[in-house]
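Below, read A as the first sequence line, B as the second, and so on, with proteins coming before strands; counting in each chain starts at 1.
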Amino acid sequence: MTDTASRPDAQTSIPDRPSLEGLEEKWDGVWSEQQLYAFDEDTTRDQVFSVDTPPPTASGSLHIGHVFGYSQADMIVRYQRMRGKNCFYPLGWDDNGLPTERRAQNYYGVRCDPSLPYDPDFTPPQEGGSNKSSKAANQVPISRRNFIELCERLTTLDEKSFEEVFRTLGLSVDWNHSYQTIDARSRATSQRAFLENLAAGQAYQSEAPTMWDVTYRTAVAQAEQEDRERDGAYHRIGFTRTNAAENAESTVYIETTRPELLPACVALVAHPDDERYQDLFGTTVTSPLFGVEVPVKAHPLAQADKGAGIAMICTFGDSTDVVWWRELELPTRSVIGRDGRFLPEAPWITTPEGQAAYAELVGLTVFSAQKRVVEMVKESGDLVGEPTKISHPVKFYENGDKPLEFVTSRQWYLTNGGRDSSEGGLRDELISRGQELTWHPAYMESRYRNWVEGLAGDWLISRQRFYGVPFPVWYAVGEDGETDYDTVLTPAVEDLPIDPTIDVPAGYSEAQRNQPGGFVADPDILDTWATSSLSPQLAGGWNSGAESGGLFEKVYPMDLRPQGHDIIRTWLFSTIVRSHLQQDALPWKHASINGWILDPDRKKMSKSKGNVVTPIGLLHQHGSDGVRYWAGRARQGVDTAFDEGQMKIGRRLAIKILNASKFALGFGEAPADPAGRLAADPAVVTDPLDRALLAQLATVVEQATAAFEEMDYARSLEVVEPFFWAFCDDYIELVKERAHGNSPAGEAGAASARAALAIALEVQLRLFAPVVVFATEEVWSWWRDGSVHTQPWPEAAPLREAAQGQDAALVDSVAQAAIVVRRLKSDAKVSQKTPVLSVTVEAPGSALAHLEAAAADLTALGRIEALELVAGEGEEIRTRDAVLGEPPVKQPRNKG
RNA sequence: GGGUCGUUAGCUCAGCUGGUCAGAGCGUCUGGUUUACACCCAGAAGGUCGGGGGUUCGAGCCCCUCACGACCCACCA
């Protein structure tokens, strides 16, 4: 029996009642054990399809949006694997950074206090706290090292449960190449990249006003900021002219939403062309309450139609203030500290009254200080009328809940084109990189370009946090005890990763730490994006030591970056920046952008809802194939409604694949294809209907292939799925009597049907395999060797040859005839089993030949005793002169 | 204010370079227990393709404009 396609015991391997239950666990186990998706390192770049998979943030729970995006990427990868590519498809974890810190704080009820010593026996006060923020007062302060240990413990837990979900989902990830953005190799890679940027002049420090989150006490990069609409109010406040002319008003009124910044005022500004303020330019005015004399300046950024047309410049209320401060060369008068409270000293306020007023604000939060200042200007009469309530956008850190403030501090920056808009400069180069990349869908490129063109400065990469990759630098301390930030001490590359707060720079001893003539560590950590932006280098082993002929050369630049459109400005852009600076290359050829999951009411899926409907719950309820189907029906980049209805349809499809396969295989075996290209010998496929089916299938294969070549899994599914249902409901129904051998066509007709069924089924299993991964694998195991997921993608050519030039339209003609015959019975409201004693079917000339060729199958399906086929007038196939017989006697369903 | 995407049957969506393009599934309704599947099958009803102009022999498909929705960006006094 070695010359048959089916194994001798094939029939016995088909279960009586096929089911989806348990398939995920069963096949994940098999694939894992067989290392089915392992990358073969004995390879060359041209054989590889490499994927820069998003490392999920390991903080909390997976969202249904993850399942959506990762499924879509997996479909593309599975297609490439079937096309013979050696797929490099790792999945890492992004576990450093603020989300992890916050989660560890809440989970264990602790907070980091770097001044505390390490306690090796520390036990956290709680385990498994809620995601809700607990009061800081209830959190136990612990050392940085203890805190980091807890972060690591927690992320390990999370990563395990995430992997479980992804395995259940059937992602064909190679888990051997996993990484964590906090692991030693990642830290070394990130630090090495930074040091090379530093050496190349791409990384630099600067002391400047930066956006600052007062809750987390850290600087925040432009990409992490977002606008939120907040209530505010215009306060109309008068400044007194210092030397008013005889006939002029002695008071100048400004309008401000930040009255608490009155003590930080350094100037007033109006547009140079504004008629109203011409005589004020060059003069000075005195601030109310604080009695500080400030100049009145002209600057084109001031808008005559906004507020009073003249604005108060403070250090700093917003980014316009920063521009004015810089361009008008104004002094710095900071009143807000890093904790968001008013600073104890304001030495530029010299009058006793002013000092007394300021003393009222010291230590207050911005919110309280505003209330107090408003009270004071009301009392003093400097406030005109009632404040006018408005709603306006305010900048927030995306994870924060208090408005950002400007704080002047020393920070590290990485060039990203934000300060180089010169012709052909870095910004232009990065825009060109975006054009070089193939975007799916193409219009996403404009989002990228839009963002790069709008950059306001370089990338601020330092964070004043604890759980992350430390800056691998120290600074020399002068004999005077002052830190010399210009003398940056760096470690040797081979010593990486280092922690400068623990390790000591070459030529120094630990005793010299923080001493005059010694050194100090940089206390900051790198922005989490500054490490995750190196994901191609991390996954590909750029820093593994084997530079030449190693893994990196075999996988980089990568083929595909799949990700969401919300992080084009962050992850996608920063990855391009790093690869451009580091490798002078585009990190990948393609970017596949997936959409967001929306509530059924079209709003962005809320976090709370996403936690109620857990991915693992959905996978169990609808089956992973059902959930994958939902993802597979959605096109790339398109925001998609969360729709369990689609998952149910997917589940039904998977079940149908099991049942239809069982049935199609149950008619008996077909001889194997001597050429080995098809599941059965095409030479025995002689019936016109069977040949027509294979001709149709050839077209389906062509369309599905073309779609997948464009990474358009959705279009492929859209073609394959309807074909499959028609295959089940029409073709199988038409040929089942013949396949059983109960037909005038006899044994040859039966063999033809069985061979066509085997061929068509096998091809369809492969077409479905990238999406419906478990059901197809299950069926494959019933009668074929190996895994469907490592089979070659089907080709149209052998199907066309098997079709022997038969017109594919024959299938449609016969299916149409079947419909009209069924309708006879449907309209008569009788069982489809009811015999048709006689009927005449009219068909247009072309279809008539088709019906004649398949007349035997048609009469079997319709239980037609006397069928007459005639040429009809119109374009449609129709029946006439039908005589129905007696409906069959109903049999009891369960006999015996 | 700038940019991008979308608006097609009750719902979720296909309709690729303009000419069987008015479709699918779900839902609804009417029927059928056809031993692969009731996690099934058959049949039917449902839309002037957001509004208004224009180009064309011909427009969901191209152009203009308006409306609505979503997202991104913007110097937010």
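Across all strands shown, A/Arg635 has heavy atoms under 4.0 Å from sugar-phosphate atoms exclusively, and none from any base. Within the nucleic acid shown, A/Cys728 comes within 4.0 Å of at least one base atom, counting heavy atoms only. Among the atoms of the strands shown, only primed sugar atoms or phosphate atoms (P, OP1, OP2) are found under 4.0 Å from some heavy atom of A/Gln222. Among the protein residues, A/Ala302 comes within range of the nucleic acid bases, having at least one heavy atom under 4.0 Å from a base atom. Residue A/Val323 is classed as having no contact, given no heavy-atom separation below 4.0 Å to the nucleic acid. Residue-level contact check: A/Ile819 touches the backbone only, with heavy atoms under 4.0 Å from sugar-phosphate atoms and none from bases. Within 4.0 Å (heavy atoms only), A/Asp729 reaches sugar-phosphate atoms of the nucleic acid but no base atom.
Side-chain proximity of A/Arg823 to the nucleotides B/rA74, B/rA44, B/rC41 is greatest for B/rA44. Here the side chain of A/Thr256 is nearest to one of B/rA77, B/rC5, B/rC75, namely B/rA77. Here the nucleotide nearest the side chain of A/Asp639, chosen from B/rA74, B/rA70, B/rA36, is B/rA70. For A/Ser319, the listed nucleotide lying nearest its side chain is B/rC75; candidates were B/rC75, B/rU34, B/rA77. Listed candidates were B/rG32, B/rA77, B/rU12. Nearest to the side chain of A/Ser831 is B/rG32. For A/Gln303, taking side-chain heavy atoms from C-beta onward, the closest of the listed nucleotides B/rA77, B/rU4, B/rU12 is B/rA77. In the set B/rU12, B/rC40, B/rG43, B/rC40 carries the atom at the smallest distance from any side-chain atom of A/Lys656. Side-chain atoms of A/Ile649 lie closest to B/rG25 of the nucleotides B/rG43, B/rG25, B/rA74. Taking the side chain of A/Asp318 as heavy atoms from C-beta on, and the options B/rA77, B/rA74, B/rU4, the nearest nucleotide is B/rA77. Comparing B/rC71, B/rG2, B/rC5 against the side chain of A/Asn450 picks out B/rG2 as the nearest.
Regarding A/Leu301, its CG atom lies at a distance of 15 Å from the P atom of B/rA74, rounded to whole Å. Regarding A/Asp321, its CG atom lies at a distance of 10 Å from the C1' atom of B/rC75, rounded to whole Å. Atom pair A/Trp630:CH2 and B/rC13:C1' shows a separation of 14 Å (rounding to whole Å applied). As rounded to whole Å, 11 Å separates atom P of B/rC72 from atom CD1 of A/Ile568.
With hydrogens and angles ignored, a donor-acceptor pair under 3.5 angstrom links the side chain of A/Glu733 to the base of B/rA36.
B/rC21 and B/rC49 have their C1' atoms separated by 10 Å, given to the nearest Å. For the P atom pair drawn from B/rU28 and B/rG10, the interatomic distance equals 15 Å after rounding to whole Å.
Where A/Gly309 and A/Arg447 each meet RNA chain B at their nearest nucleotide, the meeting point lying more 5' is that of A/Arg447. Comparing A/Lys662 and A/Met312 by the nucleotide of RNA chain B that holds the closest heavy atom to each, the one mapping nearer the 5' end is A/Lys662.
Using Watson-Crick or G-U wobble geometry with both donor-acceptor distances under 3.5 Å, B/rG46 finds no partner in any strand shown.
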Using atom names, set out every protein N or O paired with an N or O of nucleotides 28-31 of chain B below 3.5 Å, distance rounded to 0.1 Å.
unit_1 : atom_1 : unit_2   : atom_2 : d
B/rU30 : O2'    : A/Lys829 : NZ     : 3.2

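Note on A/His392: a side-chain N or O is less than 4.0 Å away from OP1 or OP2 of B/rA77. Phosphate contact (OP1/OP2 of B/rU34, side-chain N/O of A/Arg822, threshold under 4.0 Å): absent.
Around atom CZ of A/Arg822, more than 12 heavy atoms belonging to other residues, nucleotides or ligands sit under 6.0 Å away.
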